[in-house]
Amino acid sequence: MIPKKQLIAGITFLAGLYYLLNWLLPASWTGGKLGDAENTVGPFLQVVAAFSIGLGWFQLLAIQGRNLTQGPVSQRVNAVAFHLTFWTVLVVGLYVNVRPTELPNTAYAAKLWELLFNDVVVALGSAVFSLLAFFIVAAAYRAFRVRNLEAGLMMAAAFVVMLGQVPVGGWMLSWFPGGSAILPKSASWLMTVIAGASLRAIGFGVAVGAIAMGLRIWLSLERGSYFEREA
């Protein structure tokens, strides 16, 4: 019997090998068979992804269920909130989207679904991102110190970009001929030329790192909490 660890490594290698060959080999070499097989492999990956989401749900329910029955008071409050929102959204979503014409009071359920999503989820997301912006500004203020030339250049660039985005930046130099457009144009140049080149360089580095990580996972060389466990 093949050990579980070797079986998972073999399946991972074969799945990655298929996509690698399908990407690298011309269709004339394989007679188009690899490309035709993608219609079968693609839905299989969707099934695996669905099972992964189901495992995530099961893990959340198990953890929050344990917190609800065995955890302290603070964890029990969070567990109650989790189960209440999870089951409410799940039941209402299934009620609205699974054969809605055959179920009674579908219109009321649809209004409740719209209320849950538009008036609760969207509002909570906006609130969290608004708080995140303030946290980022506060952390940058505490951590940023002008101690060398590079930090001074970064501070000057941030100052120009911020003033170039608001009307007060143009008003500050309005006394100079054509000065009202200096800061907005400078901010646009910094954002499109300097920051654009930096983002492309960062994206290139991220892509190289993603390729290296993909190769490590494909060849079962990755090590960590879930990779060291014996079958």
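Heavy atoms only, all atoms of each residue included: Ser130 and Ser126 are closest at OG-O, 2.8 Å. Taking both residues in full, the closest heavy atoms of Thr85 and Ala81 are given as OG1-O, 2.9 Å, listed atom of the first, atom of the second, then distance. Thr12 and Ile8 make their closest contact through OG1-O, 2.8 Å (heavy atoms, listed as atom of the first residue, atom of the second, distance).
Note: the hydrophobic cluster containing Leu21 also contains Tyr18 (ILVMFWY, side chain heavy atoms under 4.5 Å, direct or indirect links). The cluster map of Ile, Leu, Val, Met, Phe, Trp and Tyr, joined by side-chain heavy atoms under 4.5 Å apart, puts Val91 and Leu112 in different clusters. The hydrophobic clustering, which links ILVMFWY residues whose side-chain heavy atoms are closer than 4.5 Å, places Ile211 and Leu219 together. Residues Leu60 and Leu94 share a hydrophobic cluster, clusters being chains of Ile/Leu/Val/Met/Phe/Trp/Tyr side chains in contact below 4.5 Å. Under a hydrophobic clustering in which Ile, Leu, Val, Met, Phe, Trp and Tyr are joined whenever their side-chain heavy atoms come within less than 4.5 Å, directly or via other members, Leu90 and Phe82 fall into the same cluster.
Applying the side chain to side chain contact (heavy atoms under 4.5 Å, CB included) rule to Phe159 yields the partners Leu163; only residues at least two apart in sequence or on another chain are considered. Remark: Gln75 pairs with Asn67, Pro72 by the side chain to side chain contact (heavy atoms under 4.5 Å, CB included) rule, at least two apart or across chains. In terms of the side chain to side chain contact (heavy atoms under 4.5 Å, CB included) criterion, Arg76 has no residue partners (sequence neighbours excluded). Every side-chain hydrogen bond (donor to acceptor under 3.5 Å, both in side chains) that Asn22 has, sequence neighbours left out, goes to Glu38. For Tyr19, there are no ring-ring contact (aromatic ring centres under 6.0 Å, His included) partners, not counting sequence neighbours. Remark: Met154 engages Phe144 in a side chain to side chain contact (heavy atoms under 4.5 Å, CB included) (not counting sequence neighbours).
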Side chain to side chain contact (heavy atoms under 4.5 Å, CB included) between His83 and Leu61, intermediate numbers included: CA-CA 8 Å; His83 282 283; Leu61 290 172; 3.9 Å; yes

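The ring pair (Phe, Tyr, Trp, His ring centres under 6.0 Å) analysis of residues 193-218, with sequence neighbours excluded, yields the pairs Phe13-Trp218.
Note: Phe86 CZ to Thr88 OG1 = 10.5 Å, rounded to the nearest 0.5 Å. One distance of note links CG of Leu20 with CG of Leu215; it measures 8.5 Å at 0.5 Å rounding. The structure places CG of Leu68 at 11.0 Å from CG of Asn78, a figure rounded to the nearest 0.5 Å. Taking CE of Met213 as the reference point, atom CD1 of Ile217 lies at 6.0 Å (rounded to 0.5 Å). One distance of note links CZ of Phe129 with CG of Leu132; it measures 7.0 Å at 0.5 Å rounding.
Clustering of Ile, Leu, Val, Met, Phe, Trp and Tyr by side-chain heavy atoms under 4.5 Å joins Leu149 with Leu153. As a member of the Ile/Leu/Val/Met/Phe/Trp/Tyr network built from side-chain separations under 4.5 Å, Val48 groups with Phe44. Here Ile202 is tied into one hydrophobic group with Val206, each link being a pair of ILVMFWY side chains closer than 4.5 Å. Residue Val128 belongs to no hydrophobic cluster, having no ILVMFWY side-chain heavy atom closer than 4.5 Å to its own.
Listed for the Thr69 side chain is a donor-acceptor partner under 3.5 Å among the backbone atoms of Gly65.
At least one side-chain heavy atom of Ser186 sits under 4.5 Å from a side-chain heavy atom of Ile182. Phe117 places none of its side-chain heavy atoms less than 4.5 Å from the side chain of Val92.
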Considering only distance and modelled atom types, tabulate donor-acceptor pairs under 3.5 Å from the side chains of residues 187-194, sequence neighbours left out.
unit_1: Thr192; atom_1: OG1; unit_2: Ser188; atom_2: O; d: 2.7

